[in-house]
Every structure is written in C-alpha cells, then in structure tokens.
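Here the structure comes first, spelled out in structure tokens, and everything after it is commentary.
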Amino acid sequence: MRILVTGGSSTPGYKLVLKLAERGYDVYAQYYSHEIPEIPGVRRVMLDLRDSDRIINVLGDIKPSIIIHTAAVGDVDLCESNRDLAWRVNVEATKAISRFASRNRSFLVYLSTDYVFDGERGMYREEDTPNPVNYYGLTKLVAENIVASSTEDHAIVRASHIYGFGMGRVNFARHVVESLSKGQPVRALVDQWLSPTLNTLLAEAMVEIVEKGLRGLFHVAGERVSRYDFARAIARRFGFKEDLIEPIASRDIVFKARRPRDSSLNTEKAKQLLKTPFHGLDHSLEILYREWLSARGV
C-alpha cells in the first residue's frame, strides 16, 4: 500500500514515517526546508506546500492510496505575525490535498490541534464547539472543515503539544531535557494546562487508525497537566534536579499570539477504539527516557 506523509521532517511526521516503514508500507515522505535522512523503504519528496498546483502534480505522480497530512506552520507566534504564510500552508495546501483525495478516493488522515479550542474550561470532547483564540488555531480549524467537507473517507486526529526526540522544531519537553542535562534552569507556566502527546505514541495510534480504517474525529493526546508539572515530571523521570524548574505565570510572558488557558483534550473515544496506550504520562515519559538513553548510546 502506497502512503504519502506530509511533514515527514516534523516532530510527529518523522516518527510516523519510521513506523510505517517498519511495517512494510511503500512510504513517500514529503519535506521542504529540512531534508529527511535516508530510511530503508522510504522515498523522499521535496515539495513546497505553498505551491498548490505543484502539490496536485506531485500527488498525481505518486498516486497514494493513503495521505497522512501532518505538515503545518506550527509556530503559533509566527502564524500570528505572518498570516499569509500560515494560510497558504495550513489552509490552501490542505485544500489542494483534500481535493486530490476526494477525486482519487484516497483515505486522508489530517493531524490537527487542541488550539482549535479557546481554553476556557479544558478536557474538550470531539463534539465540543471549537473557538480558536489565535490565528494558528483558526487556520487549523478551517483546514479541519475543508477535510471534513471534501471527503467522507477521512480521519481527523487532534493532538496537544506534541513532544519527543527526532526531527522537527525543539519542542518543550526536548528543551527541558537539554537544559536540565546541562544544569540550566527552565521556566514553566503554572497556569496553562495541556495534554502533552508523545510523538512515538501518536505515530503508533495514527498507524492503528489507518490500519483499522477508522473514520471521523478523534482526540489522541496525553493526560491533562500544567506546563510546570509536566516539566517537573520530566525532571523526576530523567533524574534531574526539580528545583531547576522555575514557576512562572502567563502574565510574566508577552506572546505575540494569545494562548488558551486550558486546551486539554478528553480522549475517552479514542481510548475505547485504539489499543495504543497513548494517554498516560508516566508511560510516555518512560518511553522518552529510553529513547534519550538510546540516543546517547547507553
């Protein structure tokens, strides 16, 4: 089976490419500015997602049975300051991909975000009404609607604050590990709650969704925790000094884009359908710790 993964050099996308290749799929991995290393069974595709016509042409050449669309401009502040870029990549590219999937009967899996919600209460279910408070969340919500209205043959997966090792931008957990390992302090918000999602387990869950042919909207995320408590949990598991984690409040930081106060996700629906244990913090951090040791040759 031929599968195209967009954002193959991102934090979630790279792990997904590895998981699919391990399972013997014919994998095409799209990237743009960050080249993907050679992986057995994976064909690398350099493609600028700002070029919708090129997207259609490349998809036409590959003819994937399944498209897993993880690529996005995920820097929340960049989306706020460069709205044209955010719209072209997060919305227009999704529109082109959805159009191709609909016309060619490709199963489309779209990776979305907890930031489609306003964060006023947290533990959001799939049926709750989105209300994004920043431009990034708005573009992802619009893209969700495009996917859902273009084809019935789709799955939308919302995750929250994806973290882990591998390729992609330096995420919060990686920043915590790298800083604490050098004895450097880390500031973490005590008044922002989320459902941090390990990229390794997210990839496993998305592969399971593909293999089971699940359609619809699913929340695949970790357990609810504040950024501060998340950082302390990382420090404890890795054996770092917890007192290096400095508590701060949202009022102490000036963001370009507003952040939801509590965008945590309720994952009961996905937990009932999937065997992948994606939702436990202790289990996720144990995997992260083992991956860190492995990367250091321990």
Side-chain angles (χ1 to χ4, degrees), residues 7 9-15 34 70 72-80 111-115 117 119 122 133-134 136-137 140 158-203 220-265 278-292 295:
S9 60
S10 67
T11 299
Y14 183 63
K15 287 288 187 177
H34 299 94
T70 75
V73 178
D75 185 320
V76 180
D77 289 330
L78 177 60
C79 286
E80 205 71 24
L111 180 59
S112 191
T113 175
D114 55 330
Y115 271 27
F117 295 109
V133 296
N134 54 51
Y136 167 69
K140 296 295 284 185
R158 289 181 183 144
S160 171
H161 293 74
I162 301 169
Y163 69 95
F165 299 122
M167 298 194 71
R169 294 183 295 117
V170 176
N171 49 78
F172 181 69
R174 182 174 162 186
H175 166 65
V176 171
V177 171
E178 291 177 352
S179 297
L180 296 185
S181 67
K182 300 173 185 176
Q184 299 172 350
V186 172
R187 300 198 306 165
L189 292 168
V190 297
D191 57 352
Q192 184 188 27
W193 289 265
L194 42 131
S195 301
T197 312
L198 180 64
N199 59 349
T200 300
L201 293 175
L202 175 61
V220 177
E223 64 183 77
R224 180 181 182 272
V225 66
S226 71
R227 275 191 181 269
Y228 176 72
D229 288 335
F230 180 44
R232 289 183 67 92
I234 293 171
R236 284 194 302 273
R237 183 60 198 90
F238 280 68
F240 300 136
K241 295 180 179 179
E242 287 187 57
D243 57 10
L244 287 174
I245 309 297
E246 300 178 358
I248 58 171
S250 297
R251 64 177 179 273
D252 299 325
I253 301 179
V254 178
F255 293 113
K256 291 181 180 177
R258 180 182 167 191
R259 266 61 167 178
R261 181 184 61 85
D262 186 347
S263 58
S264 56
L265 299 176
F278 56 83
H279 41 80
L281 179 59
D282 289 342
H283 178 61
S284 297
L285 292 184
E286 180 62 32
I287 293 173
L288 187 71
Y289 179 64
R290 293 201 303 264
E291 290 179 346
W292 181 67

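Numbers here are sequence positions counted from 1.
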- Message: Checking Thr11 against Lys15 for the side-chain contact (heavy atoms from CB on, under 4.5 Å) test, could you report, in this order, the C-alpha distance in whole Å, the side-chain angles of both residues, the deciding distance, and whether it holds?
- Response: CA-CA 7 Å; Thr11 299; Lys15 287 288 187 177; over 6 Å; no

- Residues Leu281, Leu285; criterion side-chain contact (heavy atoms from CB on, under 4.5 Å); working and verdict: CA-CA 6 Å; Leu281 179 59; Leu285 292 184; 3.9 Å; yes

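Listed by chain and number, the residues in a salt bridge (charged side-chain N to carboxylate O under 4.0 Å, His left out) with Arg258 are Glu120 (sequence neighbours excluded).
Donor-acceptor pairing under 3.5 Å is recorded for the side chains of Ser250 and Asp191.
Ile253 has its side chain within reach of Leu189: a pair of non-hydrogen atoms, C-beta onward, lies under 4.5 Å apart.
Of the listed residues (Leu78, Asp77, Val76), just one forms a side-chain contact (heavy atoms from CB on, under 4.5 Å) with Tyr136, and that residue is Val76.
The environment of CG in Asp282 is sparse: at most 12 heavy-atom neighbours from other residues, nucleotides or ligands sit within 6.0 Å.
Of the charged side-chain nitrogens involved, at least one lies within less than 4.0 Å of a carboxylate oxygen, so that Asp262 and Arg224 count as a salt-bridged pair.
When ring centroids are compared, Phe240 and Trp292 come within the 6.0 Å threshold.
Put simply, the side chain of Thr197 gets close to the backbone of Ser195: a donor and an acceptor are under 3.5 Å apart.
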Contacts under 3.5 angstrom, residues 228-237 side chains, donor-acceptor by atom type, not counting sequence neighbours:
from   : atom 1 : to     : atom 2 : distance (Å)
Tyr228 : OH     : Arg232 : NH1    : 3.0
Asp229 : OD2    : Ser226 : OG     : 3.3
Arg232 : NE     : Glu242 : OE1    : 3.1
Arg232 : NH2    : Glu242 : OE1    : 2.8
Arg236 : NH1    : Glu242 : OE1    : 3.2
Arg237 : NE     : Glu286 : OE1    : 2.6
Arg237 : NH2    : Glu286 : OE1    : 2.9
Arg237 : NH2    : Glu286 : OE2    : 3.3

With a 3.5 Å cut-off and sequence neighbours excluded, list the donor-acceptor pairs that the side chains of residues 161-171 form with protein atoms.
from   : atom 1 : to     : atom 2 : distance (Å)
His161 : ND1    : Asp114 : OD2    : 3.4
His161 : NE2    : Tyr115 : OH     : 3.4
His161 : NE2    : Arg227 : NH2    : 3.4
Arg169 : NH2    : Gly74  : O      : 3.4
Asn171 : OD1    : Gly164 : N      : 3.3
Asn171 : OD1    : Arg174 : N      : 3.0
Asn171 : ND2    : Gly164 : O      : 2.9

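Here the closest heavy-atom approach between residue Gly119 and residue Pro260 is recorded as CA-CB, 3.7 Å. When every heavy atom of Leu111 is checked against every heavy atom of Ala159, the shortest pair comes out as CD1-CB, 4.2 Å.
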